[in-house]
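Before any comments, here is the structure.
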Amino acid sequence: PGVWAMSIFAEIQSLSPSALIELFVLDLTKQSGPVLYWHSGTNGLNQAITWNGQVYTPIAVQADGFKQTGVGALPRPRIRASNTNGVLAAMGRQYADFAGCQLTRIRTFARFLDAVNFPNGNPTADPTQQLPPEVWFFDRKVSEDAAIIEYELASALDMVAVFLPRRQYIQNSCPWIYRGADCGYTGTAMFTNTGASTTVASQDVCGKRLSDCALRFPPPALMNFGGFPGVGVGTQ
């Protein structure tokens with residue numbers, strides 16, 4: 001119960017969740033530039049937000065269009081940023097308008113932010129509690145004026161010279177490392193690889209089946225199963 005109360009999934013389903021924090025990491029190394037860390041606001045000390053020890057510079061950024069439906073065309077999110085001081089436009093000119101550069105979108109909640117963000121610290125700080133990061137790539141500059149500069153993003157699958165399959169689609173076998181970042185399980189309940197309950201840590205082994213995931217993420221928790229139950233066994 002204690003672990004569940006502290007998880008990001010519990011926060012999502014809470015009747016009064018804390019503020020959702022959206023962070024961006026822009027990797028310009030493809031254009032021989034630096035890695036930039038952005039957030040559109042400040043913390044409780046009116047300073048740049050710190051997440052997992054990394055400082056995110058306050059820049060007025062708005063992004064939308066990330067919703068993925070599984071049908072139709074892949075989403076093409078757009079990111080708009082303040083250009084009032086001309087800094088972003090100057091960087092765009094220096095680094096080929098960020099063409100092909102990777103943008104990582106990170107989302108967490110205020111209750112999990114580093115203690116340094118708060119006047120009296122934060123007893124619920126937890127850098128492991130975040131939604132799965134989303135990776136996008138700058139495709140083109142949509143518009144630019146003295147106030148706003150706007151870019152269109154694309155997914156890796158929507159970039160030129162990217163082909164499917166990028167991974168094998170297996171029906172009832174999860175590829176994630178148990179208790180790793182992709183798996184996301186941090187609970188105290190332990191089970192053997194056959195699904196039997198155990199109190200011995202060395203026997204805590206995930207069988208990689210959907211049923212094993214269900215044991216570790218009982219309702220109302222959201223499972224993070226890495227397999228594809230809707231496809232045929234061994235589908236490519």
Could you measure the distance from the [atom1] atom of [X] to the [atom2] atom of [Y]? Nearest 0.5 Å is fine.
X: Cys174; Y: Lys208; atom1: SG; atom2: NZ; answer: 5.5 Å
X: Ser211; Y: Phe225; atom1: OG; atom2: CZ; answer: 8.5 Å
X: Trp176; Y: Cys213; atom1: CH2; atom2: SG; answer: 11.0 Å
X: Leu131; Y: Arg107; atom1: CG; atom2: CZ; answer: 5.0 Å
X: Tyr95; Y: Lys30; atom1: OH; atom2: NZ; answer: 15.5 Å

Under 3.5 Å: donor-acceptor pair, side chain of [X], backbone of [Y]:
X: Glu144; Y: Ala89; result: no
X: His39; Y: Glu22; result: yes
X: Thr104; Y: Val135; result: no
X: Asp139; Y: Leu153; result: no
X: Arg78; Y: Gln62; result: no
X: Arg216; Y: Thr186; result: no
X: Asn83; Y: Asp145; result: yes
X: Asn117; Y: Thr50; result: yes
X: Asp114; Y: Asn52; result: yes
X: Thr29; Y: Gly33; result: no

Kindly give the heavy-atom pair with the smallest separation between [X] and [Y], and that separation in Å.
X: Ser18; Y: Ala110; result: OG-N, 3.5 Å
X: Gly65; Y: Pro75; result: O-CB, 3.5 Å
X: Leu88; Y: Ala81; result: CD2-CB, 3.3 Å
X: Gly195; Y: Phe191; result: O-CD2, 3.8 Å
X: Gln31; Y: Cys101; result: CG-SG, 3.6 Å
X: Leu36; Y: Pro34; result: CD2-CG, 3.9 Å

Below 4.5 Å, heavy atoms only, C-beta onward: do [X] and [Y] meet side chain to side chain?
X: Tyr185; Y: Asn224; answer: no
X: Met91; Y: Leu28; answer: yes
X: Val61; Y: Ile79; answer: yes
X: Met223; Y: Leu210; answer: yes

Centroid-centroid under 6.0 Å between Phe24 and Tyr37 rings
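No, the ring of Phe24 stays outside the 6.0 Å limit from the ring of Tyr37, centre to centre.
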Taking the six-membered ring for Trp and the single ring otherwise, decide whether the centroids of Trp136 and Phe66 are under 6.0 Å apart.
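Ring-ring flag for Trp136/Phe66: true, centres closer than 6.0 Å.
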Identify whether the distance between the nearest side-chain nitrogen and carboxylate oxygen of [X] and [Y] falls below 4.0 Å.
X: Asp126; Y: Arg111; answer: no
X: Lys141; Y: Glu152; answer: no
X: Arg80; Y: Asp64; answer: yes

Co-membership, hydrophobic cluster, residues [X] and [Y], 4.5 Å side-chain:
X: Phe112; Y: Ile12; answer: yes
X: Leu222; Y: Leu215; answer: no
X: Ile49; Y: Leu20; answer: yes

Could you check Ile21 against Gln130 for side chain to side chain contact (heavy atoms under 4.5 Å, CB included), going step by step and ending with a plain yes or no?
CA-CA 10 Å; Ile21 305 296; Gln130 65 178 44; over 6 Å; no
What do the steps show when you test Leu103 against Phe138 for side chain to side chain contact (heavy atoms under 4.5 Å, CB included), and what is the final call?
CA-CA 7 Å; Leu103 182 79; Phe138 278 80; 3.8 Å; yes
Show the numbers, then the answer: is there a side chain to side chain contact (heavy atoms under 4.5 Å, CB included) between Gln47 and Val55?
CA-CA 10 Å; Gln47 299 172 351; Val55 176; over 6 Å; no
Does Asn120 CG have over 12 foreign heavy atoms under 6.0 Å away?
no
Under 6.0 Å from the CD1 atom of Ile177, do we count more than 12 heavy atoms belonging to anything else shown?
no
Once the angle between the rings of Tyr151 and Phe98 is folded into 0 to 90°, is it parallel (under 30°), tilted (30 to 60°) or perpendicular (over 60°)?
tilted
Checking side chain to side chain contact (heavy atoms under 4.5 Å, CB included) for the pair Trp51/Leu113: CA distance, chi angles, key distance, verdict?
CA-CA 6 Å; Trp51 170 246; Leu113 291 176; 3.7 Å; yes
